Every structure is written in C-alpha cells, then in structure tokens.
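Remarks on the structure that follows.
Keep in mind the model is a prediction, meaning the values are calculated, not measured. Both counts, for ligands and for their atoms, begin at 1 and track the order of listing. Atoms considered below: every heavy atom in the structure, side chains included; atoms not considered: hydrogens, waters and symmetry mates. We're numbering straight along the sequence, starting at 1.
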Amino acid sequence: MRADVITIFPEYLAPLDLSLIGQARRRGVLDLRVHDLRDFTHDRHRTVDDTPYGGGAGMVMKPEPWGEALDRLVAGQASRPVLIVPGPGGMPFTQAMARELATEDWLVFGCGRYEGIDERVYEHAAHLAEVRVVSLGDYVLNGGEVAVLAMVEAIMRLVPGVIGNAESLVEESHEGGLLEYPVYTKPASWRGLDVPDVLLSGDHGRIASWRHRKRLERTAARRPDLLHTASAITSADLESVP
Ligand SMILES: Nc1nc2cc(Br)ccc2s1
C-alpha cells in the first residue's frame, strides 16, 4: 500500500514513524510519504491561503499549491488513487470504510486548514482521483492532520503484514458490528475484584459464548444504534437484550 499525505504541518504526522505503522514503513510493507504543501508554492512567503471571496472571517486555502501538488503526485501516473480529505461535513469514517480503504493500492490524504480548501480543488481532483470527504465525527478541529493520523492508523493496521497477529483484529470493536468484550489479565484478584470464573475455566466454548454475550450487552448499553445492522448477531440475540 502506498499512501501520501499533503499538509502544511508535516511534523504533525511524525507519530506515523512510531510503533507498528513505523515498523511497517521500515519493513517496506507501507510506502507512506508526507509532503509539505508549501513546497508547491513559488512566492517568497510560501503562501497557501488567502481571503474568502464573498467575505467572511478566516482564510481559504488557495487552489494553486494543491493543484501543483496533485499534478506532481498523481497526474500522469498509471494508477488512480483515492483522495481522502477529512472535513466535518464529510461522510462518516467507519470501521467498514477503513476495511474497504485497506484494500486500495494507493491513498492520498489532503489536510485542510483555515476555513477549508478552495472548492475548485475538489472539482479538479475528481479528474485525477476518486475524491472522498470524510468526517471522524460531528466536531470541528483546526485542521485535517489529527483526523489523518487517526484514519491512517485505523486503515493501515488492517493491511496484511502490518500487524503480526491478524487474529487480534477479529473480535475488536465494530468487527461484526458489535463492540469488543471486556478483557482481563493477571492477577486473578485485584483490590477485591476478581476475574470472571468462566475465563479461568479453560472451557473455550463457554468462554466464547460469554464473550459474545458481553459484546451484545455492551453494544446494547453503549451503542444500541449498531444492534440492528450488526452481522455478528442472531434474531435470538436481539430479543435477549433490553
Ligand atoms: N472534524 C474535522 N474538522 C476539521 C477542520 C479542518 Br480546517 C479540516 C479538517 C477537519 S476534520
């Protein structure tokens, strides 16, 4: 998988040099490149923004640097990437979208700042890439970099070879549409709180049933909205929760 990130704050993406993502980059499993949008400007001040047409507060990101960045990275290439631009007005980013994007060969992430990117950049980019505006939630950040960090981690951890034990991906939150079950480790008793006996029983069938039940109960309590679309539950499961 190749991924490019275009930003005016490349240092914001430094955490992608760490841990599993960083190791996967060094092992060549991920080809992750970060680009400074200001490298695609030509004025002395390396200007990337200007005042909005129509008035209003704040600044808008100029189209020219984005156009040159996309020309340099994407135009003329044999393959066509998915261009993901985080924005509060985007489609919801979900585990299902992360799974789907993890199968793509090439992702380009565009980090907006200020009041946003000139709309013509999205229109122009549609000739070069599949453009998706994606939201992490109904709140506003100061820029797309934090959202890209989260999306890159969510997507890249699903790319084969990035996480050593793919088994650990199977029953985590949102797999099968349910939240994860509670986990415990040693000691068996801690400050008067004991690990549930079933987990010490060695009965893998009972343990699996207990864990499924806990996923169901936790989802019903915290995210009832997920229940009716979860693929991992039966109609009997649905009737068994309040
Ligand atoms: N929730 C989000 N807020 C923002 C703000 C800007 Br400016 C750019 C991207 C995003 S994603």
Side-chain angles (χ1 to χ4, degrees), residues 1 3-18 21 32-41 43 45-74 81-102 104 106-126 128-158 173-174 222-223 225-226:
M1 156 91 73
D4 292 89
V5 182
I6 304 169
T7 171
I8 61 171
F9 292 121
E11 60 275 21
Y12 234 112
L13 284 302
L16 297 178
D17 290 331
L18 305 174
I21 304 292
L32 186 56
R33 312 174 195 188
V34 179
H35 309 273
D36 187 341
L37 183 66
R38 294 188 193 279
D39 290 346
F40 301 94
T41 62
D43 65 300
H45 298 293
R46 294 163 53 91
T47 309
V48 293
D49 63 316
D50 205 333
T51 53
Y53 277 120
M59 303 290 273
V60 173
M61 297 193 96
K62 294 167 58 64
E64 299 97 324
W66 284 100
E68 291 206 19
L70 292 170
D71 286 348
R72 179 95 58 82
L73 294 176
V74 183
V82 179
L83 172 61
I84 300 157
V85 184
M91 296 179 285
F93 183 69
T94 62
Q95 188 67 14
M97 187 186 289
R99 276 199 298 273
E100 182 232 329
L101 291 172
E104 294 289 343
W106 185 14
L107 304 177
V108 177
F109 294 89
C111 299
R113 280 267 150 181
Y114 311 108
E115 298 308 310
I117 303 170
D118 186 299
E119 189 64 20
R120 290 167 292 182
V121 171
Y122 296 90
E123 293 174 39
H124 173 70
L128 300 171
E130 178 197 336
V131 180
R132 298 194 195 181
V133 180
V134 178
S135 166
L136 290 193
D138 296 336
Y139 48 83
V140 182
L141 301 167
N142 288 329
E145 286 80 7
V146 165
V148 167
L149 281 173
M151 287 193 280
V152 165
E153 179 158 315
I155 296 163
M156 302 308 174
R157 63 193 297 274
L158 302 175
S173 267
H174 300 287
R222 297 180 186 171
R223 288 293 306 275
D225 58 296
L226 295 177

message = Under a 4.0 angstrom heavy-atom cut-off, which atoms of ligand 1 come close to Tyr114?
response = 7 (Br)
note = of all protein heavy atoms, closest to atom 4 (C) of ligand 1 is Pro88 CD, 3.6 Å
query = Heavy-atom contact under 4.0 Å between Ser135 and ligand 1?
reply = no
key: Atom indices of ligand 1 within 4.0 angstrom of Gly112 heavy atoms, with elements   = 8 (C)
key: Derivation and outcome, salt bridge (Lys or Arg N to Asp or Glu O under 4.0 Å), residues Arg38 and Asp36   = CA-CA 5 Å; Arg38 294 188 193 279; Asp36 187 341; 5.0 Å; no
ask   = Quick one: which ligand 1 atoms are inside 4.0 Å of a heavy atom on Val140?
value = 3 (N)
ask   = For atom CZ of Arg72, is the number of surrounding heavy atoms from other residues, nucleotides or ligands below 6.0 Å larger than 12?
value = no
Top protein contact for atom 1 (N) of ligand 1, by heavy-atom distance = Tyr139 O, 2.9 Å
key: Protein contact of atom 6 (C) of ligand 1 - nearest heavy atom, named by residue and atom, plus distance   = Gly143 CA, 3.6 Å
message = I'd like to check Leu101 versus Leu107 (side-chain heavy atoms, cut-off strictly below 4.5 Å). Are they in contact?
response = yes
message = Heavy-atom distances under 4.0 Å decide this one: backbone, side chain, both or neither, for Glu115 against ligand 1?
response = neither
key: ligand 1 atoms in contact with Asn142 (distance to a heavy atom under 4.0 Å)   = 7 (Br)
key: Pair Trp66, Asp118: side-chain N/O donor-acceptor within cut-off below 3.5 Å   = no
key: Protein heavy-atom partner closest to atom 3 (N) of ligand 1 - residue, atom, separation in Å   = Leu141 N, 2.9 Å
task = Calculate, to the nearest 0.5 Å, the distance between atoms CG and CD belonging to Asp71 and Glu64 respectively.
result = 12.0 Å
message = How far is atom 9 (C) of ligand 1 from the closest protein heavy atom, and which atom is that?
response = Pro86 O, 3.3 Å
message = I need the Met61 CE to Leu37 CG distance, nearest 0.5 Å.
response = 5.0 Å
ask   = Taking side chain as C-beta onward, heavy atoms only, is Val85 less than 4.5 Å from Val134?
value = no
key: pair His174-Leu226: side-chain heavy atoms closer than 4.5 Å   = yes
query = Is the closest heavy atom of Val146 to ligand 1 under 4.0 Å?
reply = no
